[in-house]
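First comes the structure, then the notes that go with it.
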Amino acid sequence: MVDDKAKNERGEKVKLSAKEAFDFSPVLGYFFRKKDPNNRPNFNLRVMHGINKISIIMFLIALTVMIVRYFTR
């Protein structure tokens, strides 16, 4: 499924710019958002978000290692 930003009004695919493709603000917002005092998530939801954060960190570490290996070989 194509992201809604990647389509125009007629449903045609639109090429993303480099600025849009490398926009990591949603990822950083996921890590550094304020807790909502009115919302008390249950244990399962907290564990799910914890696992998601761990997987994002592992992905970024692996991507960094791959880039370093590519440029050093």
Side-chain angles (χ1 to χ4, degrees):
M1 181 177 205
V2 178
D3 189 17
D4 290 337
K5 290 182 180 178
K7 288 186 173 184
N8 63 7
E9 294 83 29
R10 294 180 293 190
E12 298 172 344
K13 291 183 183 178
V14 177
K15 191 172 183 180
L16 294 175
S17 67
K19 183 178 180 181
E20 293 171 336
F22 293 104
D23 182 21
F24 294 114
S25 59
V27 175
L28 295 174
Y30 183 75
F31 281 101
F32 302 112
R33 63 180 171 199
K34 293 182 180 180
K35 304 288 184 197
D36 186 10
N38 298 328
N39 186 10
R40 182 85 176 145
N42 62 6
F43 177 75
N44 292 334
L45 190 61
R46 288 189 311 204
V47 170
M48 181 194 70
H49 285 292
I51 291 171
N52 284 345
K53 289 178 184 180
I54 291 170
S55 66
I56 291 171
I57 291 170
M58 288 176 60
F59 172 76
L60 292 175
I61 290 171
L63 188 64
T64 304
V65 168
M66 289 173 60
I67 291 171
V68 168
R69 284 186 178 178
Y70 178 78
F71 285 116
T72 58
R73 291 186 181 191

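Everything numeric in this text was worked out from a predicted model, so none of it was measured.
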Looking at residues at least two apart in the chain, or sitting in another chain, which of them share a side chain to side chain donor-acceptor pair (under 3.5 Å) with S25? D23
Starting from M48 and following side-chain heavy-atom contacts under 4.5 Å between hydrophobic residues (I, L, V, M, F, W, Y), which residues can be reached? L45
Sole candidate of L63, I57, T64 that passes side chain to side chain contact (heavy atoms under 4.5 Å, CB included) when paired with I61: I57
Taken in chain and number order and not counting sequence neighbours, the residues that satisfy side-chain contact (heavy atoms from CB on, under 4.5 Å) with R73 are R69
Under 4.5 Å between side-chain heavy atoms, counting indirect links through other Ile/Leu/Val/Met/Phe/Trp/Tyr residues: same cluster for I67 and I56 or not? yes
What pairs meet the ring pair (Phe, Tyr, Trp, His ring centres under 6.0 Å) rule with one or both residues in residues 41-73, with sequence neighbours excluded? Y30-H49
What residues form a side-chain contact (heavy atoms from CB on, under 4.5 Å) with S17, not counting sequence neighbours? K19, E20
Sorted by chain and number, sequence neighbours left out, side-chain contact (heavy atoms from CB on, under 4.5 Å) with N44 holds for N42
